[in-house]
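Throughout, protein chains are lettered first and strands after them, A, B, ... in sequence-line order, and every chain is numbered starting at 1. Computation of the quantities below employed the complete heavy-atom set of this structure, encompassing side-chain atoms and omitting hydrogens, waters and symmetry-equivalent molecules.
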There are 2 protein chains.
Amino acid sequence: MNEQDFLAAYDPRDYPAVAVTVDVVALTIRDGALHLLLIRRAAPPYAGHWALPGGFVRPDEDLAAGARRELAEETGLGGERLRRVHLEQLATYGGLDRDPRMRVVSVAHLAFAPDLPDPVAATDADDAIWLPVTALSSRQLAFDHGRIIDDGLERARSKLEYTPLATRFLEPEFTITELRAVYETVWGHPLHAGNFHRKVLSVPGFVESTGASTERGGARGGPRAKLYRAGDARLLHPALLRPAREETVR
Amino acid sequence: MNEQDFLAAYDPRDYPAVAVTVDVVALTIRDGALHLLLIRRAAPPYAGHWALPGGFVRPDEDLAAGARRELAEETGLGGERLRRVHLEQLATYGGLDRDPRMRVVSVAHLAFAPDLPDPVAATDADDAIWLPVTALSSRQLAFDHGRIIDDGLERARSKLEYTPLATRFLEPEFTITELRAVYETVWGHPLHAGNFHRKVLSVPGFVESTGASTERGGARGGPRAKLYRAGDARLLHPALLRPAREETVR
DNA sequence: CGAATAGTGTCTCTTAGACAGTATGCA
DNA sequence: TGCATACTGTCTAAGAGACACTATTCG
């Protein structure tokens with residue numbers, strides 16, 4: 001049998017049906033707290049439970065396109081604002097009993113977005129919200145989405161260390177203090193303002209000055225801050241390491 | 001429709017057929033060079049081309065189990081030796097035209113193994129070899145496996161920086177010089193012997209002494225080296241960073 | 001004016017890396 | 001005996017983090 005005959009005789013239905021979905025762990029920062037995009041499922045399985053936005057991959061889109069489509073559907077975002085959202089593949093979850101319907105393999109993605117409008121529930125959901133991640137523990141999540149979220153949060157914390165992706169939580173122009181607030185929010189503890197400031201400016205390509213400053217000082221006083229935009233570095237050298245956590249090492 | 005009715009009425013065949021495969025980028029060190037496990041495909045598509053070991057995920061195994069099975073089939077490994085091989089998920093590749101037969105989503109894995117016997121071709125292959133990665137450029141690889149291998153090699157180089165996984169390329173007991181050889185081989189450039197030695201011993205939990213030494217000194221002279229085994233650290237603190245590569249940062 | 005904040009200076013401690021030096025064991 | 005190698009000592013430069021200080025702006 002040559003290659004052409006083989007392809008002609010080939011029937012995909014001979015293989016066991018596996019469904020492939022994409023799920024999105026979308027993070028943003030609102031009111032100084034890290035928030036996560038969740039939908040409430042309208043249909044079984046897990047109807048009424050909170051879940052990550054996601055769904056079956058369509059025949060005409062690759063995995064990243066599917067994830068971006070799901071994100072667009074739930075956030076109502078499009079165009080330039082959607083394109084500015086950072087999206088990366090997180091990991092793939094393929095346990096045997098993830099979904100009671102059939103074997104479902106889910107390719108999870110991770111998204112970083114600046115503060116966005118309240119989401120609108122798409123057809124497969126009856127509600128959609130930005131939920132503070134601190135409120136997660138009390139929620140019953142569908143499927144293994146709790147595990148996926150944990151992995152996404154850890155990836156996010158780690159990515160801030162060695163990439164400039166913290167800037168993706170901010171508007172194109174930002175102050176060093178706003179950037180520090182992103183780190184403090186994602187890592188969950190305060191950083192030394194002076195040392196952070198010097199460190200950020202010393203890493204080549206992390207930020208570049210716009211020459212401008214904010215219109216006003218801080219709400220409770222203080223000078224106007226200089227404005228920066230993201231630089232051209234894709235990795236931070238040297239990295240901004242999280243304060244060492246002995247526990248997590250072993 | 002309640003949840004039970006829904007599940008009863010649910011027909012998986014309503015969804016477009018997507019196949020899910022696992023592929024394995026298996027690395028080992030032979031004769032001081034980094035080697036990669038490749039098979040030569042016996043059947044179309046890409047019959048006769050070299051490819052990563054892999055195949056369809058079976059209904060009764062999760063993704064990691066599928067990857068370990070594929071690895072076992074091609075290496076002939078089993079039991080304790082197989083269990084000692086480090087295996088982690090790498091990334092998932094789901095481009096539209098990866099496979100001419102149908103939509104195939106492949107979950108790639110990365111494996112680190114000590115020097116193993118020559119592989120034996122399994123049923124779906126007519127040859128299997130450990131190929132030095134330096135010889136890759138001249139080979140025509142099936143599917144998008146060249147891209148997957150590139151990603152795997154970069155992940156391997158990066159993992160040596162902040163995890164103790166270099167020890168997985170070695171037998172359970174090893175010398176610091178052997179460990180240094182792993183780093184030099186994977187990173188592709190020489191390291192300073194004295195500084196490396198001190199650094200490894202100074203990272204908590206990286207290696208622990210067995211109390212024993214090698215039977216003989218080096219082939220060309222020198223004292224006997226002390227033997228170590230892997231410690232209990234899962235992350236290296238502080239990390240062993242590769243010499244900075246300005247080019248790759250931007 | 002008082003308080004909060006942006007940004008800088010300086011000191012200390014740790015680490016990376018260069019280099020040198022000693023002891024060991026093979027040919 | 002000569003040489004390669006295991007391992008340790010020491011110095012320097014860079015970076016992390018603590019602390020102090022100045023300047024600016026809001027209420």
Practice problem: Identify which nucleotide among dG7(C), dA23(C), dT24(D) has an atom closest to any side-chain atom of Pro223(A), counting heavy atoms from C-beta outward. | Solution: dT24(D)
Quiz item: Roughly, in whole Å, what's the span from CZ in Arg242(A) to P in dG17(D)?
Solution: 13 Å
Quiz prompt | Heavy-atom pair of closest approach, residues Thr167(A) and Ala230(A) | solution = OG1-CB, 3.8 Å
Practice problem: Give Ala193(A) one of three labels, base, sugar-phosphate or nothing, depending on what nucleic acid heavy atoms sit under 4.0 Å from its own. | Solution: nothing
Self-check item: Rounded interatomic separation in angstrom, taking CZ from Arg220(A) and C1' from dT24(D)
Solution: 16 Å
Exercise. Using whole Å, report how far CZ of Phe196(B) lies from C1' of dT15(C).
Key: 16 Å
Quiz prompt | Listed partners of Glu208(A) passing salt bridge (charged side-chain N to carboxylate O under 4.0 Å, His left out), at least two apart | solution = Arg229(A)
Quiz item: Measuring from Glu184(A):CD to Leu160(A):CG, what's the distance to the nearest 0.5 Å?
Solution: 12.0 Å
Quiz prompt | Side-chain N or O of His197(B) closer than 4.0 Å to phosphate OP1/OP2 of dA6(D) | solution = no
Quiz prompt | Nucleotide dA16(C), atom P - distance to CG of Leu201(B) in whole Å | solution = 13 Å
Quiz item: Which part of the nucleic acid, if any, lies within reach of Thr177(B) when heavy atoms closer than 4.0 Å are counted: base, sugar-phosphate only, or nothing?
Solution: sugar-phosphate
Quiz item: When we call it a touch if two heavy atoms are under 4.0 Å apart, what does Gly221(A) touch: a base, just sugar-phosphate, or nothing?
Solution: base
Quiz item: Angle class for the Trp187(A)/Tyr183(A) ring planes (parallel below 30°, perpendicular above 60°, tilted otherwise)?
Solution: perpendicular
Quiz item: Which is it for Leu34(A) and Thr134(A) under the side chain to side chain contact (heavy atoms under 4.5 Å, CB included) test, yes or no, and what are the steps along the way?
Solution: CA-CA 8 Å; Leu34(A) 189 61; Thr134(A) 52; over 6 Å; no
Quiz prompt | Stepwise side chain to side chain contact (heavy atoms under 4.5 Å, CB included) check, Phe112(A) with Leu87(A) | solution = CA-CA 7 Å; Phe112(A) 297 166; Leu87(A) 188 70; over 6 Å; no
Quiz prompt | Base versus backbone protein contacts along nucleotides 9-15 of chain D [heavy-atom cut-off under 4.0 Å; B, S, -] | solution = BB----S
Exercise. Could you tell me the separation between the NZ atom of Lys226(B) and the C1' atom of dG25(C), rounded to a whole number of Å?
Key: 16 Å
Quiz prompt | Exercise: do Asp151(A) and Tyr93(A) side chains pair donor with acceptor under 3.5 Å | solution = yes
Quiz prompt | 5' precedence on DNA chain C between Gly222(B) and Ser202(B) (nearest-nucleotide basis) | solution = Ser202(B)
Quiz item: Quick one: is Arg216(A) getting a side-chain N or O under 4.0 Å of the dG27(D) phosphate, OP1 or OP2?
Solution: yes
Self-check item: Residue-phosphate contact under 4.0 Å: Arg224(A) side-chain N/O, dA6(C) OP1/OP2
Solution: no
Exercise. Figure out the CG/P separation between Leu191(B) and dG17(C), and round it to whole Å.
Key: 9 Å
